[in-house]
Structures are given as structure tokens and as C-alpha cells.
Trainee: 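Could you have a look at this structure, given as C-alpha cells, before my questions?
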Amino acid sequence: MSSKDQRPEESQEERESRLRSAASHHGGRIVEGRYDLEDALEQIQDTVPGFPRERYETELDEALERIYEAQLGVLAREEKMIAEVRELDLNNAVFAIHYFNRRYSGHVSQYGLGRINLVEALGDLYSREQIAGAVARADALIDEGIRMGIGPWNSEADMGHLRQAHPGFSDRALGEALDWGHLIHR
């Protein structure tokens, strides 16, 4: 019996749970453009064999419905973030979106929506050149915050260093860069 087959000690409830999980996982691949419907159904059936085809179809349809609903929530949060950062100065507005793109846009909870386009979000406020320059400054801050996460945590001294090395960014931006470094290097 392969590891993907039903385990003798596995209850029907556990199998149902694995089926829902597989449908969600492979439904996400459809949304990301990695699979078509048939590929996903085959993968789900290979992962949790023994259900009728209609059951796989039903579970996948329900998973896709949950994913599409979640995408609406993600889009609403992104729109809210964009509206909020449009009130900030160039460096902090670009940092907020660019940081989000680098840290979260590829995360499974984004359901294949991808990165926020900085020019679409801020291009009516700033030129492409201004945005590109701010992206370079944001990258430098993020990269230094990540490198600083390797060492001991001394938030006050680290924030002081980042304030001097990266003027024009808010303490929130500096703290996010530093927090990411600490998270990565725990």
C-alpha cells in the first residue's frame, strides 16, 4: 500500500479531511495557472483514492469557491493598503507596497494574485523614475534589515543605525525591515 492510499488506521473523517485539503491545494494550483481542471482532479484522486469521481468534482468546486471568496478579501485588503499608502510620502508609500510584494505576494494566502504593480498604484502621483529610485532605496533598507537579523537583537541600537543609514523612512518601515530580518534568522 503506497503512502497515498488509505491507511488502515485512518477513519472516514480523516479521509474526508485529507480530501478537502487536497482539493484546496490543487484548486490553488488551478488559480495559479499551474493546472487545468482535469490535472487537479487527477492529482486529488491520486492523493486520496477511493471516492467516486463526482465527489472529487464537488470537493474541487467547493475549494475553488472558497479560494475565489478569499481572493476577494485579499483584493479588498490590497485596495485598502494602496489607499492608505497613497497618503504617505514617496519613500514610505513605495516601501509599504514593495515590502508587501517581496514578503507576502508569493505566499499561498495570496491565492495567485501576484504582486501589486507600483506604477499602477502610485504612477499618477510619482514618475516611473521616482518610483524606481524609491524601490532601490527600499531594497537597500530591506536587505540591510535582513542582514541585521543575523546578529543579536538590540532593537534600539539597530533602529538608530537604520535611521541614520536610511533617512526618509518612517520608524514603521525601519521596524518592518528589521523584524523581517529577525524572523528569517531565528
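Basis for what follows: all heavy atoms, side chains included, without hydrogens, waters or symmetry-related copies.
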Trainee: Does atom CZ (Arg128) have a neighbourhood of more than 12 heavy atoms from anything else shown, all under 6.0 Å?
Mentor: no
Trainee: Is it true that a side-chain atom of His185 and a backbone atom of Ile146 form a donor plus acceptor pair closer than 3.5 Å?
Mentor: yes
Trainee: With heavy-atom distances below 4.5 Å as the criterion, would you say the side chains of Glu78 and Phe100 are in contact?
Mentor: yes
Trainee: What's the verdict on salt bridge (Lys or Arg N to Asp or Glu O under 4.0 Å) for Asp39 and Arg34, showing C-alpha distance, side-chain angles and the deciding distance?
Mentor: CA-CA 9 Å; Asp39 291 334; Arg34 294 182 186 188; over 6 Å; no
Trainee: Assess the residue pair Arg115 and Ile97 against the criterion (side-chain contact (heavy atoms from CB on, under 4.5 Å)); give the C-alpha distance rounded to whole Å, side-chain angles, the decisive distance to 0.1 Å, and a yes or no.
Mentor: CA-CA 9 Å; Arg115 301 166 71 83; Ile97 294 172; over 6 Å; no
Trainee: Can you measure from CZ (Arg66) to CG (Asp61) and round to the nearest 0.5 angstrom?
Mentor: 10.5 Å
Trainee: Taking Glu13's backbone N and O only, do any of them form a donor-acceptor pair with Ser17's side chain (distance below 3.5 Å, no angle check)?
Mentor: no
Trainee: So Glu59 and Ile44, do their side chains get closer than 4.5 Å, heavy atoms only?
Mentor: no
Trainee: Do Val85 and Phe95 come within less than 4.5 Å of each other through their side chains, counting heavy atoms only?
Mentor: no
Trainee: Considering residues at least two apart in sequence or located in another chain, which fulfil the side-chain contact (heavy atoms from CB on, under 4.5 Å) criterion with His182?
Mentor: Trp153, Asp158, Leu178
Trainee: Which distance, rounded to the nearest 0.5 Å, do you find between the CD1 of Ile30 and the CG of Leu41?
Mentor: 7.0 Å
Trainee: Any chance you could measure Leu122, atom CG, to Ile82, atom CD1, to the nearest 0.5 Å?
Mentor: 8.0 Å
Trainee: Within this structure, what is the CG-CD distance for the pair Leu72 and Glu69, rounded to the nearest 0.5 Å?
Mentor: 7.5 Å
Trainee: Report yes if some heavy atom in the side chain of Ile67 is under 4.5 Å from a heavy atom in the side chain of Glu32; otherwise report no.
Mentor: no
Trainee: Decide yes or no for Glu10 and Val48: does some side-chain heavy atom of the first lie under 4.5 Å from some side-chain heavy atom of the second?
Mentor: no
Trainee: Would you find a donor on one side and an acceptor on the other, under 3.5 Å apart, between the side chain of Asn91 and the backbone of Phe169?
Mentor: no
Trainee: Please step through salt bridge (Lys or Arg N to Asp or Glu O under 4.0 Å) for the pair Glu38 and Arg53, ending with a clear verdict.
Mentor: CA-CA 11 Å; Glu38 280 305 311; Arg53 168 110 178 155; 2.7 Å; yes
Trainee: Just by modelled atom types, is the Pro49 backbone N or O under 3.5 Å from a matching donor or acceptor in the Arg15 side chain?
Mentor: yes
Trainee: For a salt bridge (Lys or Arg N to Asp or Glu O under 4.0 Å) check, start with the C-alpha distance between Glu16 and Arg55, then their side-chain angles and the critical distance, and finish with the verdict.
Mentor: CA-CA 10 Å; Glu16 299 278 339; Arg55 181 64 194 282; 2.2 Å; yes
Trainee: Side chain of Tyr99, backbone of Ala177: donor and acceptor closer than 3.5 Å?
Mentor: no
Trainee: Going by atom types only, do Thr47 and Arg18 share a side-chain donor-acceptor pair under 3.5 Å?
Mentor: no
Trainee: Output the distance between atom CG (Leu60) and atom NE2 (His26), rounded to the nearest 0.5 Å.
Mentor: 9.5 Å
Trainee: Calculate, to the nearest 0.5 Å, the distance between atoms CG and NE2 belonging to Leu174 and His161 respectively.
Mentor: 10.5 Å
Trainee: Should we say atom CD of Glu14 is surrounded by more than 12 heavy atoms from elsewhere, each under 6.0 Å from it?
Mentor: yes
Trainee: Please tell me if the side chains of Gln45 and Glu42 come closer than 4.5 Å, counting only heavy atoms from C-beta onward.
Mentor: no
Trainee: Keeping the roles fixed (side chain from Tyr126, backbone from Leu90), state whether a donor-acceptor pair exists under 3.5 Å.
Mentor: yes
Trainee: Has Tyr56 got a side-chain atom pairing as donor or acceptor with Gln43's backbone, closer than 3.5 angstrom?
Mentor: no
Trainee: So Asp139 and Arg102, side-chain contact (heavy atoms from CB on, under 4.5 Å) or not? Walk me through it.
Mentor: CA-CA 9 Å; Asp139 275 334; Arg102 280 189 59 179; 2.9 Å; yes
Trainee: Under the 3.5 angstrom rule, does the side chain of Arg29 hit a backbone N or O of His25 as a donor-acceptor pair?
Mentor: no
Trainee: Who are the side-chain contact (heavy atoms from CB on, under 4.5 Å) partners of Ser170, not counting sequence neighbours?
Mentor: Asn92, Arg172, Ala173
